[in-house]
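Heads up, the thing below is written out as structure tokens.
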Amino acid sequence: MSRKAIAAKLSAPCLAALVMFAISAAAQSTPPARRAGPQTINPGEIWPDDRGQHIQAHGGGIIKYGGLYYWFGEQRGQDVPPGQRAVSCYSSPDLVNWTFRRTVFTMTPADRPADFPGTGIVLERPKVFYNAKTRQFVMYVHLDNMGYRAAEVGVATSATVDGEYKLIKHFRPLGQESRDIGQFIDDDGTAYLIFEDRPNGWHIAKLSDDYLSIERDVHLFPEHMEGGALVHLDGLYYAIGSHLTGWNANPNLYATARSLEGPWSEFKDIAPPESKTYGSQSTMLIKVVGTKSTTVIFMGDIWRPRTQWDSRYLWMPLEIGGGKLVLPEPRQWTLDIATGEAVINKQAPAMVLPPPVPRGGPGGGAATAPPPTPPSN
Ligand code: GAL
């Protein structure tokens, strides 16, 4: 029987069911195809890389280099041996379809610098900057010991974007405690490190010429907040951060200023406070400037502390402008990297978080012990 004849014998609902089955089977077994035009993001869902594995780039940061986006983040896969911490790197032409490049930085207890205090290794929130003068890629990480009492940054460098990064130094920026870090590259290319300083608040600090140290403090927010992120849009800076509640979500806030030095407005909610940022915590804001539109994406982490490999990503285009910033209720949306247009699929159901994937789920290997938490969160 010809294909036409088979199709003629099948009823319309039956055909529709077959097509849906084929689509969902394809979605489960293969990563999304790389196509031009709008690409779909499903906040809160498993985000498969080119291998079909959930992206492991938590607490991450993104840079654009040589026409591609590079996403660096905490690799929390179940195959990372206990006591060891790793950073992974993915690349994408469109911020949606990601290719796993490699594990670019690993630290085992044996790699601890001799002068690093305490025991064990905590390595979180990696952020990579490209320094055009030295042609070096410079990675900052929150480097800590098991009790989170060291509160330092580690600096690791590589000659290539996805090469093997080597730790070259570790310190407390400006001599202050530093836990969560964020990165901001202004429109003029100036690079800043954002860091949380438990006794004093959180800093926007300018990096030195070679990016290997901090040149000066640009602003200290006295509010005790972390997950700090910044974006510069139409002459205004928007700063986002979360409260200090460890892995638990809380209402993230934003403030605005005409200059990074301030004065900054008071902090306001980015979403209905009872939603606790829809279960997520800020890590970065990405501005996409296209031929038709500019979109600012909120990049958040939905942490699952006991099943870290299954922590999810909440990325949504922000309603932003004129000093206002709103994180819309998460649901499926599309991003067109060429035009810069983001379209939220209003027909799609609002995000409902699926239950955590248990041991043996995406990531492979054995379950990890519950992670430690920083002091006095
Ligand atoms: C959060 C922080 C995470 C991680 C966690 C540990 O407050 O944003 O990056 O450090 O605490 O409990």
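When a ligand or atom number is given, it counts from 1 through the structure's own listing order. Just so you know, these numbers come straight off a predicted model, no measurement behind them. Computation of the quantities below employed the complete heavy-atom set of this structure, encompassing side-chain atoms and omitting hydrogens, waters and symmetry-equivalent molecules.
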Contact check: Q281 vs ligand 1, nitrogen or oxygen atoms, below 3.5 angstrom
yes

Is there a donor-acceptor pair under 3.5 Å between the side chain of R85 and the backbone N or O of L143?
no

Are R179 and E177 close enough for a salt bridge, meaning some N to O gap below 4.0 Å?
yes

Salt bridge flag under 4.0 Å for residues D180 and R125:
yes

Heavy-atom contacts with G246 under 4.0 Å: which atoms of ligand 1 show up? List them by number with element.
1 (C), 7 (O), 11 (O), 12 (O)

Salt bridge flag under 4.0 Å for residues D209 and K133:
yes

Which label fits Y237 and W264: parallel for a plane angle under 30°, tilted from 30 to 60°, or perpendicular past 60°?
tilted

Select the closest option to atom 8 (O) of ligand 1 among V122, T283, D180, judged by heavy-atom distance.
D180

Is the contact between H142 and ligand 1 made by the side chain, the backbone, both, or neither, using heavy atoms and a 4.0 Å cut-off?
neither

Within-cut-off N or O pair, E74 and ligand 1, under 3.5 Å
no

Verdict with supporting geometry, Y192 and H219, ring pair (Phe, Tyr, Trp, His ring centres under 6.0 Å)
CA-CA 11 Å; Y192 299 88; H219 184 71; over 10 Å; no

Hey, which atoms in ligand 1 end up nearer than 4.0 Å to a heavy atom of E124?
4 (C), 9 (O), 10 (O)

Please say whether T245 places an N or O atom under 3.5 Å from an N or O atom belonging to ligand 1.
no

Are R331 and E329 within salt-bridge range, i.e. N to O under 4.0 Å?
yes

Heavy-atom pairs closer than 4.0 Å: do any link ligand 1 to the side chain of R179, the backbone, both, or neither?
neither

Numbered in order shown, the ligand 1 atoms found under 4.0 Å of a heavy atom of Y148 are 6 (C), 10 (O)

